[in-house]
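Down below is the structure, laid out as structure tokens.
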Amino acid sequence: MAPTSLFLQALPLLPVLALAADYPGIPKDLTTPVQQRIAFKGPNAISVGWNTYEQLAEGCVQYGKSANSLTSQACSAQSLTYGTSRTWANSVTLSGLDAATTYYYKINSTNSSVNHFMTARAPGDKTAFNLDVVVDLGVYGADGYTTSRKRDIPYVQPALNHTTIAALANTIDDYDFVLHPGDFAYADDWYLKPKNLLDGKNAYAAILENFFDQLAPIASRKPYMASPGNHEAACTEIPYTTGLCPEGQKNFTDFMTRFNGLMPTTFPSSSKNATAQAFAKKAASLANPPFWYSFEYGMAHIVMIDTETDFPSAPDGKDGSANLNAGSFGNTPTQQLDFLDADLASVDRTVTPWVIVAGHRPWYSTGDSKNICKPCQAAFEPLFYKYGVDLGIFGHVHNSQRFNPVYNNVADPAALKNPTAPAYIIAGGAGNIEGLSAVGANYSTNVFAYGDEFSYATVKFLDEQNLQVDFLRSDTGEVLDSSVLFKKHDVAFVRN
Ligand SMILES: *[C@@H]1O[C@H](CO)[C@@H](O)[C@H](O)[C@H]1NC(C)=O
Ligand SMILES: *[C@@H]1O[C@H](CO)[C@@H](O)[C@H](O)[C@H]1NC(C)=O
Ligand SMILES: *[C@@H]1O[C@H](CO)[C@@H](O)[C@H](O)[C@H]1NC(C)=O
Ligand SMILES: *[C@@H]1O[C@H](CO)[C@@H](O)[C@H](O)[C@H]1NC(C)=O
Ligand SMILES: *[C@@H]1O[C@H](CO)[C@@H](O)[C@H](O)[C@H]1NC(C)=O
Ligand SMILES: *[C@@H]1O[C@H](CO)[C@@H](O)[C@H](O)[C@H]1NC(C)=O
């Protein structure tokens, strides 16, 4: 959403305001890691990313299976920055790890501490697990959203206690990893705080620094799988103004730099079927992380897609409705859709019965029809249906919604009892400066919609046939909605 009118309303206030970007302090020790994040880089690999206020000749991570015996080390010379950034993004991949195993790690620095993570469950491991979904999560505080309810917690900044970040901290043992398909920080909304109006360039950079510091307690502990949203595109969402954005604040630059080298392409096929293996190889060659890619965790095959660019009439593309003039990121105009086709074709349900696809913009939503991305539906929905995607996860609309299985706007009569069509959720209520979206008019297959307080979703893989989706209120943990999708999963290679 682009509240252009707020920008115009704020202009007359200019002369009376103190102007200063709210940057976090630079640590004295410039090797101090900030904005830490990790991701599944492969079935036996975890990537570690962090920023520093100086360029590193070599970034290193020490790791091992016990906190006081970090006997292995991985290093990389990649230390990237861009036009308006004060920091460098570093990343290192730890490979050859055992599956479903806890490792301790320390980013090498004269000012860092030991943390830990658990590696991915091997594809085909049918152990139950949970993942969390947060979408549309913005910075909290001077340049972001605030609320008068303030409480203390040990993990994260005290003021965050009632937020979705605090909920993720308080429940850290309840989920194995996080999906965040788009809209981080809301740096492009800097102009909503009048104090920033004359210094957008620094305000944008400051919001990113603060947000990724706030997220670090979560993203450094739990693999944090990212894909792009419209708020990553440019310095403002005001149409036709991207040409005025400073270098480094357009065309998804921060997103690309920050997650460079962290997200996987695809995992190699664990299927015994040679055709499936060939599809998986093709998908690997077409994947383009952090924009589109896939990974596997136990009984789940999870695909992250880019609903912003790289398909016909993509909203943030050069000819797109948002006029944000970004992309393309593929080598050919069809690379993303060719990837999705090959990737979904490769899935062997005897190995990973559950297939989940997560992206930013939905094509089913309550409320205003401008919430719905028609070009996304045209591009992606036929592939979801053909390959029997079980659940589509989206955000963009700032609330929580759940839809019974539906294809081409027609409800699947089986509803949650072994449907052919995908079920859908929107988990966009995590909290940001634009506020929550009112729940609009009922869409035919919508069965739950909530936009009163911040909320997020937990997806529980109970077994090969039962998938539970819970929506939780962030500040209280109250379960707002709970459902179980049943799928027989009795066909190895689904083609509808
Ligand atoms: C060391 O890191 C902590 C944050 O982890 C920071 O608050 C502190 O300022 C750093 N110390 C120095 C000397 O840079
Ligand atoms: C580890 O970090 C320290 C402090 O920045 C540096 O002096 C040292 O060379 C680093 N070691 C490696 C192996 O990179
Ligand atoms: C968050 O604040 C509430 C109210 O002050 C408190 O009961 C709760 O323990 C806090 N959470 C944590 C994890 O400290
Ligand atoms: C192998 O996989 C392909 C699809 O990838 C499928 O059409 C074919 O039936 C499978 N073969 C066997 C023997 O399962
Ligand atoms: C955006 O970046 C991509 C990848 O670097 C590049 O191919 C594309 O041309 C850029 N788009 C614009 C509008 O600058
Ligand atoms: C939407 O309508 C359906 C069918 O009448 C109903 O089952 C469902 O509860 C409604 N959803 C909401 C969020 O009101």
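Since this is a predicted model, take the numbers as computed values, not measurements. Counting begins at 1 with the first residue of the sequence. Just follow the structure's listing: the first ligand is 1, and inside any ligand the first atom is 1.
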In terms of residue, atom name and distance, what is the protein heavy atom nearest to [atom]?
atom	answer
atom 5 (O) of ligand 2	Thr31 CG2, 3.3 Å
atom 14 (O) of ligand 5	Asn251 ND2, 3.4 Å
atom 4 (C) of ligand 5	Phe329 CD2, 3.8 Å
atom 6 (C) of ligand 5	Ser328 O, 3.7 Å

Give the minimum heavy-atom separation between Glu54 and Trp88, together with the two atoms involved.
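Distance-wise, the nearest heavy atoms are C-CE3, 3.5 Å.
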
State yes or no: are the ring centers of [X] and [Y] separated by less than 6.0 Å?
X	Y	value
Phe471	Phe448	yes
Trp363	Phe394	yes
Phe259	Phe184	yes

Any chance the side chains of [X] and [Y] put a donor and an acceptor closer than 3.5 Å?
X	Y	result
Thr253	Asn251	no
Asn196	Asp143	yes
Tyr407	Asp412	no

Within ligand 2, which atoms have a heavy atom of Gln73 less than 4.0 Å away?
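Near Gln73, the atoms of ligand 2 are 13 (C).
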
Using a strict cut-off of 4.0 Å, indicate which atoms of ligand 2 neighbour a heavy atom of Thr110.
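The list of qualifying atoms is 4 (C).
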
State the atoms of ligand 5, each with its element, that fall below the 4.0 Å cut-off from a heavy-atom position in Asn325.
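By the 4.0 Å cutoff, the relevant atoms are 13 (C).
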
Whether Arg86 engages the ring of Tyr23 as a cation-pi pair (distance to the six-membered ring centre under 6.0 angstrom, angle to the ring normal within 45°) should be assessed.
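Positive - Arg86 is close enough to the ring of Tyr23 and near enough to its axis.
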
Counting only heavy atoms, tell me which of Val439, Asn442, Asn404, Asp481 gets closest to atom 11 (N) of ligand 6.
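Closest candidate by heavy-atom distance is Asn442.
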
Below a 4.0 angstrom heavy-atom separation, can you tell me which part of Lys250, side chain or backbone, both or neither, approaches ligand 5?
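For Lys250, there is no contact with ligand 5 at all, from either part.
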
Within a distance of under 4.0 Å, is there any protein heavy atom near atom 9 (O) of ligand 2?
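There is no protein heavy atom less than 4.0 Å from atom 9 (O) of ligand 2.
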
Does an N or O anywhere in Asn446 fall below 3.5 Å from an N or O of ligand 6?
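Yes: some nitrogen or oxygen of Asn446 is under 3.5 Å from one in ligand 6.
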
Consider every N or O of Gly327 and every N or O of ligand 5, then say whether any pair is closer than 3.5 Å.
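N/O-N/O distance below 3.5 Å exists for this pair.
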
Any N/O pair Asn108/ligand 2 closer than 3.5 Å:
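Between Asn108 and ligand 2, an N or O pair is found under 3.5 Å apart.
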
Considering the options Thr101, Thr102, Thr71, Asp98, which one meets the side-chain hydrogen bond (donor to acceptor under 3.5 Å, both in side chains) requirement together with Lys65?
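Among the candidates, only Asp98 passes.
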
